[in-house]
Every structure is written in structure tokens, then in C-alpha cells.
Amino acid sequence: MPMPTPDESPQLSAIDYRQLLDEVGAFVYTTDAHGQYTYANQLVLELLGNPPLQAILGKSFTDFVDIGEAGATLRETDLRVLRDGETIAREETNYIHATGESLTYWSIKKPLRGADGAIVGMLGISHDITAKKRLEDKVRQQKELLDAVLDNIPGLVYMKGANRRFLYANQHLAKMFGRPVDQIVGRLDSELMPPDVADAFWQKDLHMLATGEHYAGRESMFDATGQLRQFWSVVVPWSGFDGMPALIGLITDITELQRLKDELQRQAHTDSLTGVANRRSFFERAEHEFAHSRRHGAPLSLIAVDVDHFKQINDEHGHPVGDLVLQGFVQCCLDQLRAQALCARTGGEEFCILLPGVPADAAQAIAERIRTAVAAACLSPEHPALRVTASFGVTGLGPADPHFGAVYSRADRALYTAKQQGRNCSCLHHASEIATSP
Ligand SMILES: Nc1nc2c(ncn2[C@@H]2O[C@H](COP(=O)(O)OP(=O)(O)OP(=O)(O)O)[C@@H](O)[C@H]2O)c(=O)[nH]1
């Protein structure tokens, strides 16, 4: 069917146009050059309180509706249209004092010109976008609220898509990467981390995306300042927007917690006065070394040491000096030992030195070296005349030793012999000697 030409289309009367304008769903009005109504559609009349059209002619919006200070802005805008001929399209929010309502419009105002081009009035079309605006405000507030929660929980939160790109990052994660959030969102994980690290994470991610399983585990990573940090990471698969799979991650920085745990563990294994291993830690490590030497047929020696007449030192110089002597004594021992040796305080003034890989004869030579160094040392600088000696019981692991306790007992007996022999000496008990003697 051929389309009618403009000339053939039915002519609309002024009344028809008015009815049409009442139906457009927007506020439509015209004013004269002074900003006073010359026409208003039904919606405008309803807004003004339903006066007849005749009653509003020659009057302006603010004659009907009190919008307080916003009235000045409104008049200023109208002036720009009526005086300067500008077309203005902008959002306007009017607080209606009578109802306490705040209404927001998207308003277009343009000058109406006469045949000579002079401005004779203004055409205004406004859409009520209050509901849309309220919805936007609500969404914005909810986003701000969510951001406040996610940025203030003490954790690194992110969302990553199945394409390896970050969909969300909170401020803590941004700080860890040393970049603003908008430089993280949309980026590939491999752009933010060393590729091998990103690939290792991605392997885990792939598994979760494929199986829907959750992940929880410890991870470590360098932060933006180059510090190695420890994390507890929990990752949960999510079906995502429009069914696009994604992963939600919550990472807790446990660096400090781990440091405290390590420190507590160190303290639990260390003698607080001398800084060497304590008795419990010594026996744990000794059992381990015993088993290792057995398996590999490697030598293992033990030196049991006791400071001579230590009670006398305490009695003559006081307990604090006794403490200093113990610390100085340990330093003397350590100075003579290699890193593989384990020096431990097993009692008040009793020490043990475990020597993995060292045969008994060589262990006695080490004991002698320590003994000579201790006897020559000044262990308490405030008492230069104070001389300290120690006795040493030495033994090596024997084929018949059923457990480390047997080695320890033999070293202890060797130490007793050294004490019996007048102190400040070392005594070696070979495993074979003990096996043959009752
Ligand atoms: N200053 C100090 N003294 C300690 C500590 N632990 C134990 N002692 C003291 O060490 C002394 C050990 O004395 P004894 O077991 O009689 O041995 P000794 O005097 O060294 O004599 P012999 O071993 O036979 O040469 C005691 O006086 C304990 O009070 C400590 O941490 N600091």
C-alpha cells in the first residue's frame, strides 16, 4: 500500500494538537518573552494544582509552586533562553515546599522566535525522571554501602572471570598490587602478577571452575613494596552474571599472625637465657638425627657438657653473674662449632652438643677445643679473674644402640667419668666399649 504524502495526511486542528500534547507523557508548556505561561498541557496543569488553562496565562511556575531557593536558578535558566537565545537541556530538581516532595526533571528549554527572528517566548518540555533518579540514587547508595563494607573488612576481596580478567577488586587488593582499583578491573591476572605466579593460581582457578569446588589454603606472594606476605585464601566459584562463571576470592593477610606463630614456635624450642635449643627441642632433633644416621650408616656423636663448680660461681658472684657465665660459655661453644652441630641447654648448667656426620674421635677433638677455649676465656668482663672450666662426656652412635636414649646415657656416663677424673677434661666412651662392659 503506498504511503500517504504529507499533503494527503489528515490535517490536525489546534484542539487535536492540544489533545496530542496532553498524551505525550511529558510536561509541555510555552511562555511569552517574560517567562509567563501562554500554554500548558494537562500534566503541567495537574502539577500546578489543576487550575483551568485560562487561570495560568500571564503567570509563571513559581507563582503556583514554592520551590524556595531553586526558583532563582530556574529564573536564571529561563533568562538564558529568553534573553540569550540558548537552548538548554539539563536536569532540574525542584523541592516542592507544599508537599515536601523533591521532583527531578529532564528539561529542555528552547527559545521561540517570531517571523523576524526575535525571541517571543520559550518552549519547555520536561520529563519527570524522579522515579528513575530515586532508583539511581538507591543503586548508588547501595554500591557505596557495599564498597564501604568490602573496603573496610580486613581482607583482600576480588572477583575474577573465566577469562582470567578481574571483575572486581577492593581497596586492600589494590594496595597489595600497588595500583588503583580501575587499573585492576578488566586486567588479566598475568598483567598484575609475575606470569608464573598467575599461571599457578590459574591452574587452581580452572579446577574450581570445572568442578565447582571451593578452595581454602595458605599462599604467599610479594606485595607492591617487594615484601613477601603470607595469605589465607578462600575462593568460591560463582555462576556469574548471565551465567558467565566467575570466582569470588577473599584473602586474609596472615603475615603478622604467621610471624607471631613462628616466634612462639621459636620460643617454645629455644632456651631464653642462652638462645640455643632447649631440652625438648634437642631431644626431638636428636631422635630425628639418630634415625637419619641409622638409615644412611652415617656417624653421629654426642658431647654432654657440664660447667664445673657452677654452684660456687653463683654463690660467690651472684646469680646474675652465673647467668652471664652461662651465656658466655654457650658463645664459646658456638664459636668452635659448625652450622650442622646442634648445641642445646638440657639442664641448669648442663649442655649437649650433637654432631651429625662426626665420628666419636673427632667429636672428642672438638670437645677438647671447646674445653681449652672455655678455660682461657673471660666469661664475665666485670670479673676478669673469674675462670670457668667445664667437663665433657663424649660418645658416638654404636650399631647396637636401639634408640637415642642409649647414646645419651653413654655420653652422660662419660661426663660422670670426666667429673670423677678431676673435671676440666673430656672423656670418650666408645659404643663398643660399653657393649662389652657391664
Ligand atoms: N645463674 C644460674 N644458675 C643456675 C641456673 N640453672 C641452674 N643453676 C645453678 O647451677 C648450679 C648447679 O650446681 P651443681 O648441680 O651442684 O653442680 P656444680 O656446682 O656445677 O658442680 P659440679 O657439676 O659437680 O662441678 C646450682 O647452684 C643451680 O642453682 C641458671 O639459669 N642460672
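Start at 1 and go down the list; that is how both ligands and their atoms are numbered.
Ion pairing between Asp147 and Lys143 holds under the 4.0 Å rule for side-chain N and carboxylate O. Taking the charged nitrogens against the carboxylate oxygens, Glu136 and Lys132 do have a contact shorter than 4.0 Å, which makes a salt bridge.
Of the options Arg345, His319, Gln312, His317, the smallest heavy-atom separation from atom 31 (O) of ligand 1 is shown by Arg345.
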**Report entry** Trace of the side-chain contact (heavy atoms from CB on, under 4.5 Å) decision for Val197 with Phe201
**Finding:** CA-CA 6 Å; Val197 177; Phe201 283 135; 3.5 Å; yes
Report task. For Phe329 and Phe351, run ring pair (Phe, Tyr, Trp, His ring centres under 6.0 Å): C-alpha distance rounded to whole Å, both residues' side-chain angles, the deciding distance at 0.1 Å, then the answer. Result -> CA-CA 10 Å; Phe329 171 79; Phe351 298 86; 5.1 Å; yes
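Regarding atom 11 (C) of ligand 1, its nearest protein heavy-atom neighbour is Phe310 CD2, 3.8 Å. Annotation: atom 32 (N) of ligand 1 to nearest protein heavy atom, Asp323 OD1, 2.7 Å. The protein atom (non-hydrogen) at minimum distance from atom 7 (C) of ligand 1 is Gly348 CA, 3.5 Å. The shortest contact between atom 17 (O) of ligand 1 and any protein heavy atom is with Glu349 OE2, 3.2 Å. Protein heavy atom nearest atom 13 (O) of ligand 1, with residue, atom name and distance: Lys311 CB, 3.6 Å.
Atoms of ligand 1 lying under 4.0 Å from any heavy atom of Gly322, numbered from 1 in the order shown and given with element: 1 (N). Per-residue contacts place Arg423 under 4.0 angstrom from the following atoms of ligand 1 (heavy atoms of the residue considered): 22 (P), 24 (O), 25 (O). Distances below 4.0 Å separate heavy atoms of Lys419 from the following atoms of ligand 1: 22 (P), 23 (O), 25 (O). Listed by atom number, the atoms of ligand 1 under 4.0 Å from Leu326 heavy atoms are 30 (C), 31 (O), 32 (N). Interface of Val307 with ligand 1, defined as ligand atoms under 4.0 Å from a residue heavy atom, comprises 20 (O), 23 (O), 25 (O).
Looking only at distances, no side-chain donor or acceptor of His292 sits under 3.5 Å from a matching main-chain atom of His288.
Residues Asp137 and Gln141 bring no donor and acceptor atom of their side chains to less than 3.5 Å of each other. In summary, the side chains of Gln364 and Glu368 do not present any donor paired with an acceptor at a separation below 3.5 Å, with no hydrogens or angles considered.
Counting heavy atoms closer than 4.0 Å to ligand 1, residue Asn314 contributes side-chain atoms (C-beta onward) but none from N, CA, C or O.
Just one residue in the list Cys425, Ser426, Ser391, Cys427 forms a side chain to side chain contact (heavy atoms under 4.5 Å, CB included) with Thr417, and that residue is Cys427.
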